[in-house]
Amino acid sequence: MRSAGSVLVLTGAGVSAESGIPTFRDALSGLWARYRPEDLATPEAFARQPDLVWRWYQWRRQIVDEAQPNPGHRALAALQRCLGGMMLVTQNVDGLHQRAGSTDVVELHGNLFDDCCSAAGCAQSAPTASLDQESPPPCPRCGAPLRPGVVWFGEPLPEAALERATQAAGSCDLVFSVGTSGLVYPAAELAWIAARSGAAVVEINPEPTPLTAAADFVFSQPGGVALPAILRALGPDPSDGADL
Ligand code: BV8
């Protein structure tokens, strides 16, 4: 890491697991146990049952709102401060990297707390007004229902974010894949682009994934354990006193 010119870190839901946020692989709990995320996180589901999908997002927002960044998030923020050329790209929509102090986070799939208008052609966006609303509020501009500002299955990723992440993947010397099952594309392609471009590949995940066999280093541990350990190993006190 000390000699790497540029480091790319790719994260998925597993990096927030130790903050108490269910991953997509975990069966949804409670009243959501009978739904699959792939069935709710789609434009069709929202068009068909806007209140149901909205309530699912409100449930997730409340969990995130009560959650705190964990030592894995904080170690990544400290790493970014001590490694000049590190880029953090996340599939997560919970904003916990930013709350842990990471900057310039590339959010491939949007953010839970940004709403936008569901009407095609109306680009109105608005920060989520209330976590208690049971149905989608009307767009302040055109009156159509607002929707969560996240990328649903079947929707394209934000062009600029994907372009930045793809460019970084093709030019980094070292790529970390942390807490992702590597099953959702095109985000899952990024680690492979880096590997094919000659980057050293590090995977941090208690479970094997399709990337494991191609990784140069595998930490079969939770991110909240491996990332602080990597940070401590980097030098006398690279964590600049970060409270891990
Ligand atoms: C698109 C936001 C095209 C919403 C999400 C090939 C190419 C392109 C597309 C496709 C393709 N094949 C299939 C597709 C379609 C689809 C797709 O990939 N489907 C999958 C199911 C096969 N992709 C799409 O639809 C994408 N759009 O391609 O559009 C297009 C182009 C132009 C014009 C029109 C259309 C959009 C995908 C984005 C969907 N939105 N999130 C929301 O959050 O509600 S995806 C969502 O699920 C997450 O963001 C994340 O990406 C994914 C879940 O994956 P992970 O983050 O990895 O989480 P997971 O639970 O799976 O795994 C957790 C891991 O953590 C596990 O491995 C576990 O072991 C580990 N873990 C657990 N605890 C810890 C831990 N690790 C470390 N520490 C711990 N403590």
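Positions are given from 1, in the same order as the sequence printed here. Both counts, for ligands and for their atoms, begin at 1 and track the order of listing.
Annotation: Phe153, atom CZ; neighbour count of heavy atoms from other residues, nucleotides and ligands within 6.0 Å is above 12.
With Asn205 contributing its side chain and Gly179 its backbone, the two residues share no donor-acceptor pair below 3.5 Å. The main-chain N or O of Gly72 is found under 3.5 Å from a side-chain atom of Asn70 such that the two form a donor-acceptor pair. A donor-acceptor pair is defined here as one N or O able to donate and one able to accept, closer than 3.5 Å; no such pair exists between the side chain of Arg147 and the backbone of Pro43.
With sequence neighbours left out, Tyr35 forms a ring-ring contact (aromatic ring centres under 6.0 Å, His included) with Trp32.
Within 4.0 Å of ligand 1, the residues that place a heavy atom are Gly12, Ala13, Gly14, Ala17, Glu18, Thr23, Phe24, Arg25, Ala41, Tyr57, Arg60, Gln91, Val93, His109, Val150, Val151, Trp152, Phe153, Gly154, Glu155, Pro156, Leu157, Gly179, Thr180, Ser181, Leu183, Val184, Tyr185, Pro186, Asn205, Pro206, Glu207, Pro222, Gly223, listed by chain and number.
Note that SG of Cys116 is 11.5 Å distant from CG of Asn111, once rounded to the nearest 0.5 Å.
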